[in-house]
Amino acid sequence: MPASAVATRQSAHALLRFGRFAAMGAVAVLILIAGVWASWGTAQHVMLTKGRERGTVEVTRCGQGSCTGPYAPLSEGSQPRSTVVLEKSVAVREGRTYTVVLKPGSDDAVRSGPAGVLYAWIPLGGALLLASVVVAGGLLRTRAAWVLALSGVALLTAAFVTV
């Protein structure tokens with residue numbers, strides 16, 4: 001085989017490897033961005049509470065996808081409300097009282113405290129697990145994949161234990 005054919009074959013192989021690395025890297029980054037994006041919609045209210053209405057909700061009734069109850073304010077400037085809506089999850093039960101943060105301009109409440117923060121970041125935990133598979137299989141970076149996977153498992157486990 002002539003030297004030029006060997007060089008062409010090697011450069012084509014290197015180009016394919018780079019293409020696979022770029023494509024799988026882009027997929028992994030996209031998965032992580034989607035996880036952060038999905039989590040941030042709720043996490044921003046729980047983590048950045050300065051200037052937001054904080055209080056407690058005693059859940060009196062739960063429906064198909066939400067629970068409602070009266071709101072008692074804890075923060076200055078917050079007004080009591082007869083009914084606020086709290087997303088129904090496995091951790092919300094009738095008759096219990098939860099600390100919440102109200103979304104601005106609405107009667108929608110989000111759980112606050114450590115349980116609320118961890119619950120808000122659950123989509124990121126799933127994204128970390130999914131990205132670890134892409135990093136291990138597509139990028140062949142097993143150490144980085146283990147770090148991503150263990151981070152996702154730790155986040156999901158902490159959320160499960162706390163909530």
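Atom set for the values below is all heavy atoms of this structure, side chains included, hydrogens, waters and symmetry mates excluded.
- No donor-acceptor distance shorter than 3.5 angstrom exists from the side chain of Thr157 to the backbone of Ala154, with no hydrogens or angles considered.
- Put simply, CH2 on Trp37 and CG on Leu30 are 12.5 Å apart, with the number rounded to the nearest 0.5 Å.
- When hydrophobic residues (I, L, V, M, F, W, Y) are linked wherever their side-chain heavy atoms come within less than 4.5 Å, the members clustered with Leu128 are Phe21, Met24, Val27, Ile31, Leu32, Val36, Trp40, Val46, Met47, Leu48, Val110, Val117, Leu118, Trp121, Leu124, Leu130, Val134, Val135, Leu139, Leu148, Leu155.
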Report task. Decide yes or no on side-chain contact (heavy atoms from CB on, under 4.5 Å) for His45 and Asp108, but give the supporting numbers first. Result -> CA-CA 11 Å; His45 302 294; Asp108 291 336; over 6 Å; no

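- Between Val84 and Val100 there is no side-chain heavy-atom pair separated by less than 4.5 Å.
- When all heavy atoms of Gly137 and Leu140 are compared, the pair lying nearest together is O-CD2, 3.7 Å.
- When every heavy atom of Gly35 is checked against every heavy atom of Ala127, the shortest pair comes out as CA-CB, 3.7 Å.
- Counting only heavy atoms from C-beta outward, the side chains of Arg111 and Leu86 approach each other to under 4.5 Å.
- The minimum heavy-atom distance between Thr162 and Pro114, with the atom names listed, is CG2-C, 4.0 Å.
- Here the closest non-hydrogen pair linking Arg93 and Val59 is O-CB, 3.6 Å.
- Between Glu94 atom CD and Thr68 atom OG1 the span is 8.5 Å, to the nearest 0.5 Å.
- Two residues are said to be in side-chain contact when any heavy atoms from C-beta on lie closer than 4.5 Å; Pro73 and Glu53 fail this criterion.
- A donor-acceptor pair shorter than 3.5 Å can be found between the side chains of Tyr71 and Ser78.
- Applying the side-chain hydrogen bond (donor to acceptor under 3.5 Å, both in side chains) test to pairs two or more places apart or on separate chains, none has a residue in residues 56-66.
- Note that OG1 of Thr49 and CG of Leu102 are 12.0 Å apart. Values are rounded to the nearest 0.5 Å.
- In the hydrophobic clustering of this structure, Val92 does not group with Val85; members are Ile, Leu, Val, Met, Phe, Trp, Tyr whose side-chain heavy atoms approach within less than 4.5 Å, directly or through other members.
- Of all heavy-atom pairs between Thr42 and Ala120, the closest is CG2-CB, 3.9 Å.
- Across all non-hydrogen atoms, the minimal contact from Arg52 to Pro104 is NH1-CG, 3.0 Å.
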